[in-house]
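Bear in mind the structure is a predicted one, so any value in this text is a computation, not a measurement.
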Amino acid sequence: MDALAALDRRIAGCRACPRLVDWREEVARTKRAAFADWTYWGRPVPGFGPPDARLLIVGLAPAAHGGNRTGRMFTGDRSGDVLYQALYDVGLASRPTAVTAEDGLELYGVRITSPVHCAPPDNKPTPGERDTCRPWLVQELNLLRPTLRAVVVLGAFGWQAVLPAFREAGWNVPRPRPVFGHGARVPLDGLELFGCFHVSQRNTFTGKLTPTMLRDVLGTAAEAAGLPGNGATRSAQGG
């Protein structure tokens with residue numbers, strides 16, 4: 001727990017990518033009118049969830065007025081609304097909403113992270129920014145390895161980012177690399193890797209990703225990870 005907390009603190013202090021530093025801090029200064037009374041986080045957003053997680057969810061990057069505002073992954077934006085509702089529905093979260101980092105939300109056996117920890121302009125990190133951020137993900141994977149049994153990757157960008165990180169962290173990644181697809185399932189050296197369309201508004205508003213589709217992937221991954229899910233038990237908590 002101490003090692004992961006220390007990693008999170010180091011991530012939150014990173015200033016390695018000038019474009020991302022300038023953007024996240026500019027957004028934190030100018031804000032959105034609806035959040036004018038907020039003090040934005042405006043820093044890299046570390047992972048969220050217990051240090052003994054059996055299931056890891058990997059996104060893309062924090063939203064400018066979501067995680068960049070609240071300081072917690074998928075908190076305070078529409079994508080998070082969809083993700084946390086689904087996690088709650090399958091018994092992996094204590095509540096269906098994520099509003100602030102102090103709202104009491106707990107995840108059960110699940111941790112959420114991303115390959116890029118700073119909010120990028122237009123939600124599009126560059127390949128160079130992704131690669132610069134990769135060592136943080138590699139360290140996180142190493143710390144989670146003793147308990148980690150399944151990973152759900154949200155979107156093709158995350159999929160492309162996470163496979164090299166797994167390799168650098170010591171997992172045997174098949175060659176050629178597995179292709180991303182919704183519902184893809186790849187055995188990966190002691191864990192199960194799942195693909196899922198990203199919970200972006202573009203996907204959820206158009207029906208490309210429905211709540212049922214998301215719940216199905218999360219439920220299958222939870223089963224592969226050995227998590228009870230479906231509210232069977234909420235005793236193994238962390239946050």
Side-chain angles (χ1 to χ4, degrees), residues 1-29 31 35 38-77 79-80 83-84 87 92-94 98-120 125 128-148 151 153-154 158 161-162 164-166 168-170 236-239:
M1 182 179 298
D2 290 345
L4 192 57
L7 176 65
D8 289 345
R9 288 193 295 270
R10 287 163 49 214
I11 289 172
C14 183
R15 300 182 64 84
C17 299
R19 186 182 80 113
L20 297 186
V21 171
D22 289 347
W23 173 253
R24 77 190 192 212
E25 294 181 352
E26 175 64 18
V27 169
R29 283 192 297 269
K31 308 181 182 181
F35 307 119
W38 274 76
T39 299
Y40 275 51
W41 173 256
R43 301 162 65 189
V45 181
F48 167 55
D52 58 350
R54 299 180 67 86
L55 172 61
L56 181 67
I57 298 173
V58 181
L60 191 161
H65 301 282
N68 190 57
R69 171 172 60 90
T70 64
R72 193 174 70 189
M73 287 285 177
F74 283 106
T75 298
D77 60 48
S79 296
L83 178 60
Y84 285 111
L87 287 169
L92 299 176
S94 64
V99 182
T100 74
E102 293 79 36
D103 60 13
L105 172 66
E106 294 180 292
L107 300 180
Y108 305 132
V110 180
R111 185 170 170 86
I112 301 175
T113 193
S114 64
V116 175
H117 287 275
C118 291
E129 290 161 350
R130 174 200 65 199
D131 294 346
T132 298
C133 211
R134 183 181 298 149
W136 296 126
L137 181 57
V138 171
Q139 292 177 64
E140 191 169 13
L141 290 172
N142 276 321
L143 291 173
L144 294 172
R145 185 163 192 159
T147 58
L148 192 62
V151 178
V153 183
L154 302 174
V162 81
F166 271 115
E168 289 185 27
Q237 302 180 12

Hey, are the side chains of Ser114 and Pro62 touching, using non-hydrogen atoms and a 4.5 Å cut-off?
yes

Min side-chain heavy-atom separation Val58-Pro115 under 4.5 Å
yes

Just by distance, do the side chain of Thr70 and the backbone of Thr75 share a donor-acceptor pair under 3.5 Å?
yes

Rounded to the nearest 0.5 angstrom, the CG-CG distance for Asp8 and Leu143 is 9.0 Å

Which atom pair, heavy atoms only, marks the closest approach of Tyr84 to Leu107?
CE2-CD2, 4.0 Å

Under the criterion side chain to side chain contact (heavy atoms under 4.5 Å, CB included), I'd like the reasoning laid out for Tyr108 against Leu55: C-alpha separation, chi angles, the key distance, then a yes or no.
CA-CA 9 Å; Tyr108 305 132; Leu55 172 61; over 6 Å; no

Look only at the side chain of Arg43 and the backbone of Ala12, and say whether a donor-acceptor pair between them is shorter than 3.5 Å.
yes

Just by distance, do the side chain of Arg145 and the backbone of Ala169 share a donor-acceptor pair under 3.5 Å?
yes

Work out which heavy atom in Pro50 is nearest to a heavy atom in Val110; give both atom names and the distance.
CD-O, 2.9 Å

Does the side chain of Ile57 come within less than 4.5 Å of Met73's, by heavy atoms?
no

Does Asp22 have any salt bridge (Lys or Arg N to Asp or Glu O under 4.0 Å) partners at least two apart in sequence or in another chain, and if so, which?
none

Once you round to the nearest 0.5 Å, how far does CD of Glu25 lie from CG of Leu20?
11.0 Å

Smallest heavy-atom separation, Pro46 atom then Gly71 atom, equals CD-O, 4.4 Å

For Ala28 and Gly42 the tightest heavy-atom approach is CB-CA, 3.9 Å

Distance col, row Leu148:CG vs Glu140:CD, nearest 0.5 angstrom, shows 9.5 Å

Any side-chain heavy-atom pair from Pro125 and Leu60 closer than 4.5 angstrom?
yes

Side chains of Arg24 and His117: closer than 4.5 Å at any heavy-atom pair?
no

Can you check whether Tyr40's main-chain N or O pairs, donor with acceptor, with Lys31's side chain at less than 3.5 Å?
no

If only atom types and distance count, is the side chain of Arg130 paired as donor or acceptor with the main-chain N or O of Ala161 below 3.5 Å?
no

Looking at every non-hydrogen atom in both residues, tell me the closest pair between Asn68 and Ala119 and how far apart they are.
CB-CB, 3.9 Å

Quick one: are Val45 and Phe74 in side-chain contact, heavy atoms under 4.5 Å?
no

Check whether Thr113 reaches the backbone of Gly47 with its side chain - one donor and one acceptor, N or O, closer than 3.5 Å.
no

Rounded at 0.5 Å granularity, tell me how far CZ in Arg69 sits from CH2 in Trp41.
14.0 Å

Where the side chain of Arg72 meets the backbone of Thr100, is there a donor-acceptor pair that is under 3.5 Å apart?
yes

Straight-line distance of Glu168 CD to Arg134 CZ, nearest 0.5 Å:
5.5 Å

Should Asp77 and His65 be marked as a side chain to side chain contact (heavy atoms under 4.5 Å, CB included) after you check the CA-CA gap, both sets of side-chain angles, and the distance that decides it?
CA-CA 7 Å; Asp77 60 48; His65 301 282; over 6 Å; no

Say you draw a straight line from CZ of Phe166 to CG of Leu141; how long is it, rounded to the nearest 0.5 Å?
5.0 Å

Here the pair of heavy atoms bringing Val153 nearest to Gly158 is CG1-C, 3.3 Å

